[in-house]
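Chain A is the first sequence line, chain B the second, and so forth, proteins listed ahead of strands; every chain is numbered from 1. Note that this is a predicted model, so its numbers are computed, not measured.
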Amino acid sequence: MKSVKRIAKHPTISLLNSCTTLKEMKQIHAQLVVKGILNNPHFHGQFVATIALHNTTNLDYANKLLNHNNNPTLFTLNSMIRAYSKSSTPSKSFHFYANILHSNNNNLSPDNYTFTFLVRTCAQLQAHVTGLCVHGAVIKHGFELDPHVQTGLVFMYAELGCLSSCHNVFDGAVEPDLVTQTAMLNACAKCGDIDFARKMFDEMPERDHVTWNAMIAGYAQCGRSREALDVFHLMQMEGVKLNEVSMVLVLSACTHLQVLDHGRWVHAYVERYKVRMTVTLGTALVDMYAKCGNVDRAMQVFWGMKERNVYTWSSAIGGLAMNGFGEESLDLFNDMKREGVQPNGITFISVLKGCSVVGLVEEGRKHFDSMRNVYGIGPQLEHYGLMVDMYGRAGRLKEALNFINSMPMRPHVGAWSALLHACRMYKNKELGEIAQRKIVELEDKNDGAYVLLSNIYADYKNWESVSSLRQTMKAKGVKKLPGCSVIEVDGEVHEFIVGDKSHPRYDEIEMKLEEISKCLRLSGYVANTNPVLFDIEEEEKEDALSKHSEKVAIAFGLISLKGVVPIRVVMNLRICWDCHNVAKMISKIFNREIIVRDRNRFHHFKDGFVKNVQVLWLSFTFWYPPIRGEY
DNA sequence: TTAGGGTTAG
């Protein structure tokens, strides 16, 4: 057997890893040149590889170094393939693969390392055909049984969405080790076969913390967050090491489930056990707090972070916008630019939301145009939808329609829905009918489109059209999504679906609702009963307004959450105007902060005001829509 | 010197 003589890393080269800037690396480079160390091809290779792998921004420098070397070693070229596979230009890896294949040095031919890195490039590029060619080359060069290459191939096919190919590679492995098994488990989860992943997980004779994390990630990524938390609890009970990745995953599940208390527990655990605070973990915390409606805490974590990337900034900007703090979100965007962090398409979704919630149409338009003109980012459907929403909320319905008509791609349901919502807000029947027709053309069973148009007709007391629309819905089998609100009390999630009285404390809730009604009447509140009259579900007509799921959840919050704890409700539809006004008044009468997250954003109510937009609010009669910046 | 798990929107 051929023995490979290992050469230790030169101590000066080892120093490179402690460098934080390229400038420092260049100083070490100068020392190595002076000492003649780089004349040794092994040390030269180590030096180039360390520079290239340290940071992808160093790749140009590593390339220049390589250009001065006519006979790079296989190790050097493999390292360049590896570095480029992780960069923003992964296709450049193939340049070095070609160097290996066409090298003047006859001894150079690709090895198992080459393919381990090259398959990652294919995955990164989503290059299906190239991936198949690389797999062919793997077989041709005799590395199909190498466990590292096999793991890479499983990873590659998973990224390409080819689960059957993952199975083929995995089944070809003689005795797949823990790493390959975990890669396969992850592949099943990523490609939609989470139950098979779980079966594999349960049957594995040995698992380490990465396997556990992969299982949690699998559940979290397919939206089965509750099961993700179950696996996490099992992991804790079995005494498996929890690291920062476990924490990020569990936070992501908490965010989706809107379980702030559990999220807070994770944060406390991170601090108590000094879990390594990576940018990813910090971002997950910011995102969790913001999406659970605790924006103050989110910003506290944000400003406490030592390092922030585009994910962190986008999360915070979006979090502020989602909670109604539009101006603050735009200030933060300016801070981001000042710090030299390059925004991406997702950042602009957050920025446009920020403009939308405070009605800054001109500024929104400026940011939208800057996407392409300044940052070279092509706006996507979501960005167009947000612009329509922005014009619509500001009452500029004609401009919203013109904007839709100027879209370079076919307008989607989101764009037309934004217009339809604005038409409801501003009672514009003609445009509302156009928008509804367009939505139904794209999605014939879109219940929201029917309900909104029906509401517009009802605003005009056009009961004939309301009734005709109801019949169309019945004929087409369009069902209205029932309102559903959830509230977390003592770590337990309580769900209230409109019309459902099965909650064990429903009698008490009803009594509280009656008390609320009395208090509201005494305060001079007159409900806008229009929605009851034109509500299209028969069973919801009677008492519907006072039994909307969000009101029931708030009433339950009042009876079960003692002291000054804010009432946090999450609902599946947009909050109705009456519930919005009632929540505002309850916050004053019962001296309780209320935070409602609807399908669109958060609504904060305190002391009888909508937090952060009191001034705008005071200029309107309290039940009369539209309120710029509130809906 | 190589392989498996993580964050922003929708």
Side-chain angles (χ1 to χ4, degrees), chain A residues 4 6-9 13 42 45-46 48-50 53 73-79 81-82 85 111-120 143 146-156 158 173 176-187 189-190 207-218 220-221 235 243-253 255 276 278-288 290-291 305 308-319 321-322 336 341 343-353 380-383 385-386 412-414 599:
Chain A
V4 180
R6 292 196 178 252
I7 298 176
K9 202 173 256 185
I13 292 174
H42 288 281
Q46 285 179 350
V48 174
T50 314
L53 290 164
T73 62
L74 183 58
F75 168 72
T76 315
L77 294 168
N78 282 344
S79 300
I81 295 174
R82 183 184 173 199
S85 77
D111 63 1
N112 51 341
Y113 292 78
T114 315
F115 290 114
T116 302
F117 305 138
L118 209 56
V119 289
R120 296 196 79 84
F143 294 112
D146 180 278
H148 294 176
V149 177
Q150 283 175 332
T151 307
L153 282 167
V154 168
F155 176 85
M156 178 188 85
D177 63 9
L178 180 58
V179 177
T180 315
Q181 285 179 51
T182 306
M184 188 60 208
L185 186 158
N186 182 45
K190 248 186 205 153
R207 307 172 196 136
D208 66 3
H209 67 287
V210 179
T211 322
W212 281 89
N213 286 343
M215 194 65 243
I216 299 171
Q221 282 155 3
M235 181 180 183
N243 66 357
E244 71 277 10
V245 177
S246 326
M247 295 297 133
V248 170
L249 291 167
V250 78
L251 278 170
S252 164
T255 308
R276 197 162 69 99
T278 56
V279 186
T280 312
L281 179 53
T283 306
L285 278 168
V286 170
D287 198 51
M288 183 277 293
K291 288 204 181 119
M305 285 170 71
R308 307 173 194 98
N309 62 16
V310 65
Y311 288 79
T312 326
W313 286 96
S314 303
S315 253
I317 296 168
M322 181 192 264
M336 174 182 178
V341 181
N344 62 19
I346 295 165
T347 318
F348 277 100
I349 288 178
S350 303
V351 171
L352 295 179
K353 274 187 186 162
Q380 303 294 306
L381 280 171
E382 288 79 18
H383 302 102
L386 283 163
H412 63 318
V413 170
R599 66 188 290 171

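Side-chain to base pairing of A:T283 with B:dT7: one donor and one acceptor N or O lie within less than 3.5 Å of each other. The base of B:dG6 does not come close enough to the side chain of A:S246 for any donor and acceptor atom to sit less than 3.5 Å apart.
Using a distance-only test at 3.5 Å, with no hydrogens or angles considered, no donor-acceptor pair links the side chain of A:S252 to the main chain of A:V248.
Considering only side-chain atoms of A:R82, the nucleotide from B:dT7, B:dT8, B:dA3 that sits closest is B:dA3. Of all nucleotides listed (B:dA9, B:dT1, B:dA3), B:dA3 comes nearest to the side chain of A:V179. When the nucleotides B:dT7, B:dG6, B:dA3 are ranked by their closest atom to the side chain of A:T278, B:dG6 comes out on top. When each of B:dA3, B:dT8, B:dG6 is scored by its nearest atom to the side-chain atoms of A:T180, the top-ranked nucleotide is B:dA3.
As rounded to whole Å, 7 Å separates atom C1' of B:dT1 from atom CZ of A:F117. Counting to the nearest Å, the C1' atom of B:dG6 and the CG atom of A:N243 are 9 Å from each other. Taking atom CD1 on A:I81 and atom P on B:dT2, their separation rounds to 15 Å, with Å as the unit. In this structure, NZ of A:K291 is placed 11 Å from P of B:dT7, rounded to the nearest angstrom. Between A:K190 atom NZ and B:dG6 atom P there is a gap of 5 Å when expressed in whole angstrom units. In this structure, CD of A:E382 is placed 11 Å from P of B:dA9, rounded to the nearest angstrom. Distance A:L77 CG to B:dT2 P: 17 Å, rounded to the nearest Å. For A:N344 and B:dA9, the CG to C1' distance is 9 Å, given to the nearest whole Å.
Using a 4.0 Å heavy-atom criterion, one finds that A:Q150 contacts no nucleic acid atom at all. Within 4.0 Å of A:L178, counting heavy atoms only, lies at least one base atom of the nucleic acid. In this structure, A:D177 reaches the bases: a heavy-atom distance under 4.0 Å links it to at least one base atom across the strands shown. Residue A:D146 is classed as having no contact, given no heavy-atom separation below 4.0 Å to the nucleic acid. At the heavy-atom level, A:L249 lies under 4.0 Å from the strands shown only through sugar-phosphate atoms. Looking at heavy-atom distances under 4.0 Å, A:S315 makes contact with sugar-phosphate atoms alone, never a base. Nucleic acid contact class of A:T211 (heavy atoms, under 4.0 Å, all strands): base.
Applying the 4.0 Å criterion to OP1 and OP2 of B:dT8, one finds that A:K353 has every side-chain N and O outside that range.
In this structure, A:Y311 packs face-to-face on the six-membered ring of B:dT7, meeting both the 5.5 Å centre cutoff and the 30° plane limit.
The two residues A:L381 and A:H412 come nearest to each other via the heavy atoms O-CE1, 3.3 Å.
Shown here are the ring pair (Phe, Tyr, Trp, His ring centres under 6.0 Å) partners of A:F155, two or more places apart in sequence or in another chain: there are none. With sequence neighbours left out, A:N78 forms a side chain to side chain contact (heavy atoms under 4.5 Å, CB included) with A:L74, A:I81, A:I100, A:D111, A:Y113, A:T114, A:F117.
Counted by atom type alone, A:T283 and A:T280 present zero donor-acceptor pairs between their side chains at under 3.5 Å.
Counting heavy atoms from C-beta outward, A:M336 and A:V310 have side chains that approach closer than 4.5 Å.
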